[in-house]
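Below: one structure, written as structure tokens.
When reading the values below, keep in mind they use all heavy atoms of this one structure, side chains included, and skip hydrogens, waters and symmetry mates. Note that the numbering runs from 1 along the sequence shown for the chain.
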Amino acid sequence: MGQFGVVPKHLFSVDMTCEGCAEAVSRVLNKLGGVEFNIDLPNKKVCIESEHSTDTLLATLNKTGKAISYLGPK
């Protein structure tokens, strides 16, 4: 098995209150590229699968203007 083909997953808390917020998150992540993500609007969480660094992902999510915190690897 090993690590081959395993993409790191990161869990972020994002202060999203509506579908518009979730769409803003989708937009910035799609612009970044190289990401697979799942948005859990009711729990205000975003799970991102990406080779990008945590700092890059945080900076990208910060472009939404929402309160963001990194919850750790998933």
Side-chain angles (χ1 to χ4, degrees):
M1 293 285 272
Q3 286 290 314
F4 185 73
V6 177
V7 179
K9 286 186 184 174
H10 305 281
L11 194 59
F12 294 88
S13 169
V14 181
D15 186 23
M16 299 175 288
T17 53
C18 63
E19 280 298 323
C21 299
E23 284 172 23
V25 170
S26 294
R27 244 190 332 271
V28 296
L29 288 173
N30 284 327
K31 249 186 214 162
L32 176 65
V35 294
E36 291 280 321
F37 58 92
N38 182 31
I39 297 174
D40 179 353
L41 186 55
N43 294 310
K44 301 184 177 188
K45 291 191 171 73
V46 180
C47 179
I48 304 173
E49 266 184 80
S50 176
E51 296 286 355
H52 289 293
S53 70
T54 307
D55 288 345
T56 299
L57 296 174
L58 266 174
T60 300
L61 289 170
N62 276 324
K63 290 178 185 170
T64 62
K66 310 275 174 229
I68 315 285
S69 58
Y70 180 53
L71 300 175
K74 189 164 166 110

Distance-only, no hydrogens or angles: does the Thr56 side chain make a donor-acceptor pair with backbone N or O of His52 under 3.5 Å?
no
Is there a chain of hydrophobic side chains (I, L, V, M, F, W, Y, each step under 4.5 Å between heavy atoms) that links Val46 to Leu32?
yes
Stepwise side-chain contact (heavy atoms from CB on, under 4.5 Å) check, Phe12 with Leu58:
CA-CA 8 Å; Phe12 294 88; Leu58 266 174; 3.7 Å; yes
Distance from Asn30 atom CG to Phe37 atom CZ, nearest 0.5 Å?
4.0 Å
With the side chain counted from C-beta on, respond yes when Pro8 and Glu51 share a heavy-atom pair under 4.5 Å apart, and no when they do not.
yes
Would you say Ser13's side chain and Lys45's backbone share a donor-acceptor pair under 3.5 angstrom?
no
Between CD on residue Glu36 and OG on residue Ser50, distance to nearest 0.5 Å
9.5 Å
Using side-chain heavy atoms (C-beta onward) and a distance below 4.5 Å, is Leu61 in contact with Leu29?
yes
Indicate yes or no: at least one non-hydrogen side-chain atom of Thr60 is less than 4.5 angstrom from one of Thr64.
no
Surrounding NZ of Lys9 (heavy atoms of other residues, nucleotides or ligands, distance under 6.0 Å), is the total greater than 12?
no
Would you mind reporting whether Ile39 and Met16 have side-chain heavy atoms less than 4.5 Å apart?
yes
Using 0.5 Å steps for rounding, measure from the CG atom of Asn62 to the CG atom of Leu57.
11.0 Å
Should Lys44 and Val14 count as side-chain neighbours, where that means a heavy-atom distance under 4.5 Å?
no
Can you tell me how far the CD atom of Glu19 sits from the CG atom of Leu41, to the nearest 0.5 Å?
5.5 Å
